[in-house]
Amino acid sequence: NLSRWLYKITETNPGSLTYQHVDAAGKFKYAFVAFGPSIRGFSLMRRVIAVDVVDAENGASWKWFFRGLSQKIPDASDLVFKLVSRLGAAMLLNVYQVDRSEFEVKNETMKFVVDLEKRHCTCNVFDIDKIPCIHAIAAAKHIKRDENRFVDASHLTETWAKAYAESIHPGGELSTSTYPENIDELSCPPPATKKKSGRPPTKRKRSVGEFGVPGSKSQSHKCSRCGTGGHNKITCQRPIG
């Protein structure tokens with residue numbers, strides 16, 4: 001019973017936020033859970049939320065998710081929803097010191113202005129990530145300063161320790177718990193599903209490198225490198241004499 005589980009989560013984890021949403025037929029559509037310890041821990045971190053997008057999810061479900069999220073994390077100028085994929089690359093940079101904290105950093109085609117005291121770079125990576133960008137690192141190295149001193153406090157070990165100090169507690173056995181009288185009014189049947197065509201599978205699809213399960217073909221698999229079972233040539237660690 002989803003409604004009972006959501007109730008227990010808020011009871012054992014004070015400050016938690018839960019929602020459930022049904023479709024026009026009264027069947028389950030969405031559920032939102034934000035645990036109290038996670039909400040309080042987030043207040044110590046940078047206001048950045050990394051979003052992992054799945055192709056099967058549509059705009060309506062994301063709109064509903066962010067609406068629920070905004071109940072505990074209201075919009076603000078320093079809040080960034082970020083989906084980032086970045087690869088580091090070695091760069092040869094020329095650094096010219098303007099004054100005590102300001103520098104001009106040049107690569108082969110562009111110029112960037114770095115202010116170490118303000119923790120700012122015109123590339124904006126330093127400003128957004130709160131970690132020195134490659135231009136800021138080059139500037140710090142130029143004056144023999146440790147670039148780690150310019151990392152924001154939100155990235156420090158002490159901050160992360162405080163953010164994860166609380167535990168998320170399980171709801172416990174649902175059948176023996178006490179609930180409000182109207183709890184079952186919030187219950188809803190599962191969503192309608194379409195039956196897949198064809199005969200349903202009778203065996204679980206095995207993961208790559210999963211060997212030795214009784215009755216499976218992989219039980220008799222042998223490594224092509226050493227001739228013994230239980231692994232393949234990629235994971236083989238036996239010395240070959």
Side-chain angles (χ1 to χ4, degrees), residues 15-17 30 32-166 168:
S16 296
L17 186 67
Y30 305 131
F32 178 91
V33 179
F35 293 99
S38 299
I39 295 171
R40 290 186 287 275
F42 184 74
S43 65
L44 298 167
M45 296 182 171
R46 291 177 54 215
R47 297 177 64 79
V48 175
I49 297 174
V51 180
D52 185 8
V53 179
V54 179
D55 291 341
E57 293 164 331
N58 56 40
S61 61
W62 277 114
K63 185 181 293 185
W64 189 87
F65 168 77
F66 285 121
R67 190 186 305 127
L69 192 65
S70 66
Q71 299 301 309
K72 279 297 181 181
I73 308 174
D75 193 18
S77 59
D78 60 342
L79 176 61
V80 179
F81 288 95
K82 187 171 69 168
L83 185 62
V84 175
S85 176
R86 186 175 62 187
L87 298 176
M91 299 176 63
L92 296 176
L93 301 173
N94 296 313
V95 181
Y96 304 93
Q97 188 168 3
V98 178
D99 57 26
R100 186 175 61 85
S101 64
E102 189 175 41
F103 303 82
E104 183 181 68
V105 182
K106 299 170 63 177
N107 60 21
E108 294 180 354
T109 59
M110 298 185 66
K111 300 177 181 179
F112 301 89
V113 178
V114 175
D115 191 319
L116 291 177
E117 184 175 341
K118 295 180 180 179
R119 302 187 180 190
H120 162 74
C121 178
T122 53
C123 75
N124 290 324
V125 173
F126 195 2
D127 308 61
I128 295 174
D129 285 356
K130 306 299 183 183
I131 297 175
C133 60
I134 192 166
H135 314 108
I137 292 173
K141 293 296 187 184
H142 184 75
I143 57 173
K144 297 179 173 56
R145 297 283 298 278
D146 182 3
E147 65 274 12
N148 292 307
R149 294 185 58 185
F150 301 101
V151 175
D152 190 78
S154 60
H155 292 289
L156 300 180
T157 304
E158 308 91 82
T159 305
W160 283 74
K162 292 177 181 178
Y164 290 96
E166 293 190 58
I168 295 177

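If you're wondering where the values come from, they're calculated on a predicted model, not measured in any experiment.
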Straight-line distance of Lys162 NZ to Leu156 CG, nearest 0.5 Å: 10.0 Å
4.5 Å side-chain heavy-atom contact, Leu93 and Phe112: no
Side-chain (Asn124) to main-chain (Asp127) donor-acceptor, under 3.5 angstrom: no
Nearest heavy atoms of Ala139 and Val95, plus distance in Å: CA-CG1, 4.1 Å
Sub-4.5 Å side-chain heavy-atom contact between Glu166 and Phe35: no
Arg145 vs Phe150 side-chain heavy atoms within contact, under 4.5 Å: yes
Least distance between heavy atoms, Ile168 atom then Ser38 atom: CD1-OG, 3.7 Å
Non-hydrogen atoms of Pro132 and Glu147 that approach each other most closely: CG-O, 3.4 Å
Taking every non-hydrogen atom, the tightest pair across Phe32 and Ala34: CE2-CB, 3.8 Å
Donor-acceptor pair, side chain of Asp146 and main chain of Asn148, under 3.5 angstrom: yes
Spatial distance of atom OG (Ser101) from atom CG (Asp115) [nearest 0.5 Å]: 4.0 Å
Interatomic spacing from CD in Gln97 to CD in Glu102 - rounded to 0.5 Å: 10.0 Å
Nearest atoms (heavy-atom pairs only) where Val114 meets Cys121: CG2-SG, 3.8 Å
Sidechain-backbone polar pair: His135 side chain, Thr122 backbone, donor-acceptor under 3.5 Å: no
Taking every non-hydrogen atom, the tightest pair across Leu44 and Ala163: CD1-N, 3.6 Å
Val98 and Val113, any side-chain heavy atoms less than 4.5 Å apart: no
Note, Arg119 side chain near Lys130 side chain (heavy atom, < 4.5 Å): no
Approximate separation, where rounding is to 0.5 Å, of Ser154 OG and Ile131 CD1: 8.0 Å
